[in-house]
Amino acid sequence: MTSDQKSNWSIEQSASLYGINDWGAGYFGLSDNGEMTAIATQSGQPVQLSLMDIVAGLEQRGHAMPVLLRIENLLDERISLLNKSFAAAINEFDYQGEYRGVFPIKVNQQCHVIEEITKFGGQYHHGLEAGSKAELIIAMSHLRDSEACIICNGYKDAEFVELGLYARKLGLKCFFVIETPSELSIILEQSRRLGVEPLIGVRVKLAAEVEGHWFGDGGDRSLFGLSITQLMDVVDQLRDAEMLHCLELMHYHIGSQIPNIRNIRDGLQEACRYYVDLVKEGAPLGYIDLGGGLAVDYTGARTNETHSKNYSIEEYCVDIVETITESLNSSGTPHPTIITESGRATVAYSSVLLFNILDVSHFKPRPLPDQLPEQSNDFLHNLWAVLHSLSEDSVQECYNDAAHYREEVRRMFRQDQLELRELALAEDMYLEILQRTRELLPSLKRVPPELQNLDEALADIYYGNFSLFQSLPDAWAIDQIFPVMPIHRLDERPENKAVIGDLTCDSDGKLDLFANADGDVRTLPLHDLRPGEEYYLGVFLVGAYQETLGDLHNLFGDTHVASVRIDDDGQFEFVEEIQGDTIGDVLSYVEYNPKELYEQLRITAEASVKSGRITAVERRQMLQTFSNSLNGYTYFERD
Ligand SMILES: *Cc1c(COP(=O)(O)O)cnc(C)c1O
């Protein structure tokens, strides 16, 4: 690299360009040598670990990119932050109840994640939320603490209920949240049969609606929860069955990733009205469960836009405790235990997708000649003239002319009046005009509308060694923005504007929405590749929802997963390494049998030996490569 690239650029400029201090929430930073770091707090002190050291460690251990990295310390810190913030708010408002968090298993079901949450969360009696029998089985076998809650949401059949009642019998605080009226009879029947009193909750459907992706979860038409008439019906049935004393919890969930604190307050206020009147109805209650919704600021903008949030965790906790206190005190209703089911905000920060760049397509012309060949077509001369008259004052006119002449050149080519070499020269001039136009845009007072997308249209395409569909499904399905950036060379100016393509041959397999601090959301600043050197990027905040929603598009499988723990001295240890899918694995997911595939190829190859098409030695080589491939990684592998 030239010293110029470094002397004109500082890591502070990179930090601000990529917005690390905005979205990183203090968990990510930069080292003096331009590498991205993860920051863990050890005995009150920040300890930094370079992500490049982790990449080197992974490669030394034979794990090729892409790798999903989990940083255990960050998961622990999020659980602590949530619990400590609630404790502080409870203290501040002299609130008489407690806080009990539960982690919704659906947000990241991976065994190692659940183990860490229950192990580290034990000191706070952090529990689990289960939405299916499979998740309840996870919860029952991981929790031993009689103070921690298991919240059962979702449709429950008799077996689901039976499992939950056994959890009760084992001393676990397992609640059935009634989502539909028909569930109640199943619960009452099973509990009579097994002689176990259930802990019952009701999920109420609030009228309050929220902004953001998941606005469908709230409101009258929400799929889940009891309407007011259904709720009264459930209360009456419980009373008739002399089981109203089992109704100990009220639950609602108005959506995930709620960017505006106002919506959270409004929903809770309405919920408190339900709470107070359910107590008047004779239900003991004692627990209020606000569901999920605590947002992650993916863009770092601190606004109420979809991918952001306009509040901190501390503020979230204070607002909740304050709202409940105010709403309940006037009627003298005792303060309940507060439960939240925060998933996204708990796990998002702890995972990073790491991958290398394989290639770049630049939309740059080849060097132009000093002079046009004399006999060139008139339109080429016209383009040449446009190129040399381009200035701030003539941007719009030059752009119009260039587009027109280029169209004419293409027409002539189609009509056999111009040769391929001339067409190529015209394209080069056209690209040069666009590139120079782009450089002029920042100095224009007003950018003409048709030129506003020029950056995007001319952006380089960096090809990344990953599958968007496997590793970042929400980026595809709901245009989720995740912070993306290089994890090294951050002491050099990134000279290119880029979008990122993945390995699938799908035109949707690209990252082209970013959260840059400079407001350009369509391209990402990246460095030139250096020959013989890898260029690594990270996609951050991917710990929530991405792993099991991913699919096998083009048969790219699970990536390797590595969990690290950062020690006091900034050293780290790989506490868990999971090998990604092999090609044989993904083929068997779609019902192929790798052994049979091998046998089929062996028969074809043997026939070829017999007919003299290949030699026996060539057969051996082919079958060896085939077999190595079946056992190898589904992603791009360097030799
Ligand atoms: C999905 C879901 C959650 C998790 O929501 P986050 O916004 O990720 O915290 C919690 N509770 C219920 C009922 C859910 O469906």
Polar side-chain atom of Ser467 near backbone of Gln470 as donor-acceptor pair, under 3.5 Å: yes
If you define the side chain from C-beta out and look only at heavy atoms, does anything of Gln257 sit under 4.5 Å from Tyr298? yes
Taking C-beta and beyond as the side chain, do Val352 and Phe28 meet within less than 4.5 Å on heavy atoms? yes
Is a side-chain donor or acceptor of Tyr275 paired with a backbone partner of Glu270 at a separation under 3.5 angstrom? no
Say you draw a straight line from OG1 of Thr118 to NE2 of His126; how long is it, rounded to the nearest 0.5 Å? 10.5 Å
Test item: Ser331 side-chain N/O and Leu328 main-chain N/O as donor-acceptor pair under 3.5 Å: yes
Can you give me the closest heavy-atom contact between Val196 and Ser191, atom names plus distance? O-CB, 2.9 Å
Side chain to side chain contact (heavy atoms under 4.5 Å, CB included) evaluation trace for Ile264 with Asp319: CA-CA 9 Å; Ile264 290 169; Asp319 279 19; over 6 Å; no
Measure the shortest side-chain to side-chain distance between Met485 and Ile20 over non-hydrogen atoms and say whether it is less than 4.5 angstrom. yes
Take atom CZ in Arg262; do more than 12 heavy atoms of anything else shown fall under 6.0 Å from it? no
Does Phe540 have its ring centroid less than 6.0 Å away from the ring centroid of Phe482? no
Go through the steps for Arg78 and Ser350 under the test side-chain hydrogen bond (donor to acceptor under 3.5 Å, both in side chains), then give the verdict. CA-CA 9 Å; Arg78 298 300 291 178; Ser350 55; over 6 Å; no
Any side-chain to backbone donor/acceptor pair from Arg193 onto Glu162? Under 3.5 Å, distance only. no
Return the CD to NE2 distance between Glu72 and His112, rounded to the nearest 0.5 Å. 4.0 Å
Rounded to the nearest 0.5 angstrom, the CD1-CD distance for Ile320 and Glu315 is 11.0 Å
Flag, side chain of Thr303 to backbone of Glu305, donor-acceptor distance under 3.5 Å: yes
Leu247 side, atom CG; Leu238 side, atom CG - distance, nearest 0.5 Å: 6.0 Å
For Gly267 and Ile254, work out which heavy atoms get closest and say how close. CA-CD1, 4.3 Å
Which distance, rounded to the nearest 0.5 Å, do you find between the CD of Glu159 and the CG of Leu136? 10.0 Å
Considering only heavy atoms from C-beta outward, does the side chain of Tyr99 approach that of Val321 to under 4.5 Å? no
Does the side chain of Leu165 come within less than 4.5 Å of Lys169's, by heavy atoms? no
All heavy atoms of Ala348 vs all of Val296, minimum pair found to be CB-CG2, 3.9 Å
Looking at Glu147 and Arg100, does any basic side-chain N land under 4.0 Å from a carboxylate oxygen? yes
Are Leu524 and Tyr18 close enough that some pair of their side-chain heavy atoms sits under 4.5 Å apart? yes
Please find the pair of heavy atoms, one from Ser80 and one from Tyr124, that lie closest to each other, and give the distance. OG-OH, 2.9 Å
Mark yes or no for whether Ser351, through its side chain, and Arg70, through its backbone, hold a donor-acceptor pair below 3.5 Å. no
Glu116 and Lys119 ion-paired at < 4.0 Å: yes
Provide the closest heavy-atom pair for Phe514 versus Ile481 in the form atom of the first, atom of the second, distance. C-CG2, 4.1 Å
Between Gln546 (side chain) and Ala544 (backbone), is there a donor-acceptor pair under 3.5 Å? yes
Indicate the ring-plane relationship of Tyr316 and Phe86, choosing parallel, tilted or perpendicular according to the 30° and 60° boundaries. perpendicular
Can Leu128 and Phe103 be said to form a side chain to side chain contact (heavy atoms under 4.5 Å, CB included), step by step? CA-CA 5 Å; Leu128 294 169; Phe103 178 76; 4.0 Å; yes
Rounded to the nearest 0.5 Å, how far does OG1 of Thr180 lie from CG of Leu226? 7.5 Å
Quick one: which of His251, Lys173, Glu248 gives a side-chain hydrogen bond (donor to acceptor under 3.5 Å, both in side chains) with Tyr287? Lys173
Under the side chain to side chain contact (heavy atoms under 4.5 Å, CB included) rule, what do Asp157 and Lys133 come out as? Steps first, then yes or no, please. CA-CA 9 Å; Asp157 62 11; Lys133 283 181 277 192; 2.7 Å; yes
One pair to check against side chain to side chain contact (heavy atoms under 4.5 Å, CB included): His335 and Ile324. What are the steps and the verdict? CA-CA 8 Å; His335 296 169; Ile324 300 179; 5.5 Å; no
For Gln190 and Phe160, indicate whether the former's side chain and the latter's backbone hold a donor-acceptor pair under 3.5 Å. no
Contact summary for Cys149 and Ile339, nearest pair of heavy atoms: SG-CD1, 4.0 Å
Just one of Asp502, Leu511, Leu468 clears the side chain to side chain contact (heavy atoms under 4.5 Å, CB included) bar with Trp476, so which one? Leu468
Close side-chain approach of Ile71 and Tyr349, heavy atoms under 4.5 Å: no
Side-chain (His253) to main-chain (Gly291) donor-acceptor, under 3.5 angstrom: no
Flag yes if more than 12 heavy atoms outside Leu549 fall under 6.0 Å of its CG atom; otherwise flag no. yes
With distance as the sole test, does Glu183 use its side chain to make a donor-acceptor pair with the main-chain N or O of Lys156 at under 3.5 Å? yes
Can you find a heavy atom in the side chain of Glu197 that is under 4.5 Å from one in the side chain of His245? yes
Salt-bridged, Arg203 to Glu179, with N to O below 4.0 Å? yes
